2 protein chains.
Amino acid sequence: MPTSKDVARLAGVSQSTVSYVMSGKRPISAEVRRRVEEAMAQTGFQPNAGARALAGRRTSVVGLVVPFGPSADTTGLLPFVETIATGVREHDYDVLLVTADEGPSALTRLEGRRLCDAIVLMEIEAHDPRIEVAASLRVPVVLIGVPQDPRGLPCVDVDFAEAARLAVTELAASGHDRVVVLGHPAEAVARDVGYVRRFADSALATARAVGVAHEVVEPVEATPLGAERAVEAARLDRPGLTGLVVAGTSAVQPVLTALVRAGHVPGRDVTVIGVCTDAAAAAAEPAVTNVSLEPRDVSRLAVRTVFRLLDTEVADAPPDVALVTPTLTHRSTTARAAAPAA
Amino acid sequence: MPTSKDVARLAGVSQSTVSYVMSGKRPISAEVRRRVEEAMAQTGFQPNAGARALAGRRTSVVGLVVPFGPSADTTGLLPFVETIATGVREHDYDVLLVTADEGPSALTRLEGRRLCDAIVLMEIEAHDPRIEVAASLRVPVVLIGVPQDPRGLPCVDVDFAEAARLAVTELAASGHDRVVVLGHPAEAVARDVGYVRRFADSALATARAVGVAHEVVEPVEATPLGAERAVEAARLDRPGLTGLVVAGTSAVQPVLTALVRAGHVPGRDVTVIGVCTDAAAAAAEPAVTNVSLEPRDVSRLAVRTVFRLLDTEVADAPPDVALVTPTLTHRSTTARAAAPAA
DNA sequence: CTGAAAGCGCTAACAG
DNA sequence: CTGTTAGCGCTTTCAG
């Protein structure tokens, strides 16, 4: 296995020159650069990560703490992980995967052993015990999810308040008399993940603002039975046109199925707006109007935040909370109230 | 951030003694050990991973290549990743996550940069281009999945041949006249993942051996429509008792739903055996008799194989192919042929 | 624009 | 049972 010393000898330069050719941290003449690069190619040289980390005090690794473990909700986790892994590679960094069930000590280990240059913490709960520890680290930490008190840590997430606003405003504007929000599963509510409340609050506030009746059915379990119950609880037999807002990708299909089974025709006698990914919305049967909730967008933003933190010497402008704005896409489940004859 | 030198000074010993206390590679008197451990606790010392990797020539990291990327089937991937991450941590190792879309060069990078001590390659296809590269590495590689030619690399997987044997034997023994295998989705067949063929071949061979009629419906897409078509293609209107073997966790529920919708009663006029995880089988509606297919078992075996390889100086006994034996669990979907009156 | 040399923090001979 | 010492392969001053 060739070292930079071998490359240097072969190219007839000093070891430091090889280093500077790689890092670009000082000007190199074209001729020397050519010789070094040729020597590198010829030997198949690759820099030793450990040596680099030791001498350069940076690991080129991002620690990713994923919510595995007994209590974890791992539905839809993969797109996050994939996007982060891919995004990080584009900066020639790697991802060290750590499971959340290791607890807050995972964070101190990552920092203490110098295993990474930055940490991404996923699935943040409103009162997450890891925040305190994370805030005390010298290595930058980016949160995916917004806790009650971020302690100065940068957070990224979907703008759930805006998502609720979009959905409710849309329903009111298209002549619905009533908005029923089918909320999150009991497990998510119990864990007090930040977005549950932010979504609910915004839905309520918007409904009030635009003057439409508003009800909430919660918890809603993402199972055939749970969906059936939720549909019953929505009381669609009442007079007037109802708009259903279904929170959470996993609940959308079950609710649609339950509606059809109960004799309803989404898009005709009831409107359904899913709060889910565009892919899930398009694949649903029937294709459902949705407010997008794209893990990939959030992850990309997280990666960008990580490298902004890594690139700036000082923690200059603390970014605080950065939210991804969702968009509303109409599909087959939008109904319109009978309009005055045109 | 304290170093082992700080610990040594505080404990009044040499730096190497601190190292040996950590590694246990040579005897330490109780008294010295006590002083060192106290000094470590007092300073909050944690060994620098980079320095360790450089001096000790081992990284304490396992590289995990996961099938992300455009062409990837990531369904059910999480349990694998989680189990590997957790298992590896039990040996005080970490996991470096690499996406397969980086191609074979990911492997040379992991090796060349000394990023890990071993590599786990997931979702191996029958003719996987990475095998050749993997076989040429000096760092041990464990395959999850069995390729046509493993090139001497250790493989772990579920014993799909045994799974098919179990299912078909069971059906024949309980008086079924006909076995219909609902096979994998077109995408899996096209990618030529090893298990598709192994399962199919074994099902056929077993059916012949026990003398029961055998048909295959393939591909089967794991969607409502795909399941409906598959059920039609199974021609359950024919005389005699039919046993359906549904391959793949994601297809089981859709097929059950399609059966019920078509007026069948699983467990009464048709038997269904899912080839899926026990969890999925128990959660299905109705709970389905299944042949287990446990990602966690496979992953645990993979981790064990990794550390067996890491612990032995030489690659002594090449383990070749290690398969996890599935088990059959009866649930509500097993029907029995009318037996002679007891 | 380039070289020489001093470490980064740990491990593992080698010596006792 | 313990200490001394020589690196591991890079990065980065300091000199020129």
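Numbered from 1 within each chain, the chains take letters A, B, ... in sequence-line order. Values in this document were obtained by computation on a predicted structure and should not be read as measured data.
- Taking atom CZ of residue R9(B) and atom C1' of nucleotide dG3(D), one finds them 16 Å apart after rounding to whole Å.
- Atom pair R35(A):CZ and dG3(C):C1' shows a separation of 13 Å (rounding to whole Å applied).
- Ring orientation note: the planes of H91(A) and F307(A) are close to parallel, at an angle under 30° on the 30°/60° scale.
- Not a single donor-acceptor contact under 3.5 angstrom links the side-chain atoms of R52(A) to the base of dT11(D).
- Applying the 4.0 Å criterion to OP1 and OP2 of dG9(D), one finds that T3(A) has every side-chain N and O outside that range.
- A salt bridge links R113(A) to D92(B): one of the charged nitrogens lies within less than 4.0 Å of a carboxylate oxygen.
- Contact check of residues 53-63 of chain A against DNA chain D (heavy atom, cut-off under 4.0 Å) returns A55(A), G56(A).
- Taking atom OH on Y20(B) and atom P on dT2(D), their separation rounds to 13 Å, with Å as the unit.
- Counting non-hydrogen atoms under 4.0 angstrom, S16(A) reaches a base of the nucleic acid.
- For dC10(C), the OP1/OP2 oxygens have a side-chain nitrogen or oxygen of S4(B) closer than 4.0 Å.
- Per the geometry, NZ belonging to K25(B) stands 8 Å off C1' belonging to dT11(C), to the nearest Å.
- We find that D311(B) and R308(B) are not joined by a salt bridge, their nearest charged nitrogen and carboxylate oxygen being 4.0 Å or further apart.
- Nucleic acid contact class of V18(B) (heavy atoms, under 4.0 Å, all strands): none.
- By the 4.0 Å N-to-carboxylate-O rule, R34(A) lies close enough to E31(A) to be salt-bridged with it.
- Salt bridge status for E82(A) with R296(A): present, with a side-chain N to carboxylate O gap under 4.0 Å.
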Check your understanding: How far apart are the C-alpha atoms of D6(B) and T3(B), what are their side-chain angles, what is the distance that settles it, and do they pass the side chain to side chain contact (heavy atoms under 4.5 Å, CB included) test?
Key -> CA-CA 5 Å; D6(B) 298 326; T3(B) 71; 3.6 Å; yes
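- Proximity of S29(A) to the phosphate of dT2(C): a side-chain N or O atom is located under 4.0 Å from OP1 or OP2.
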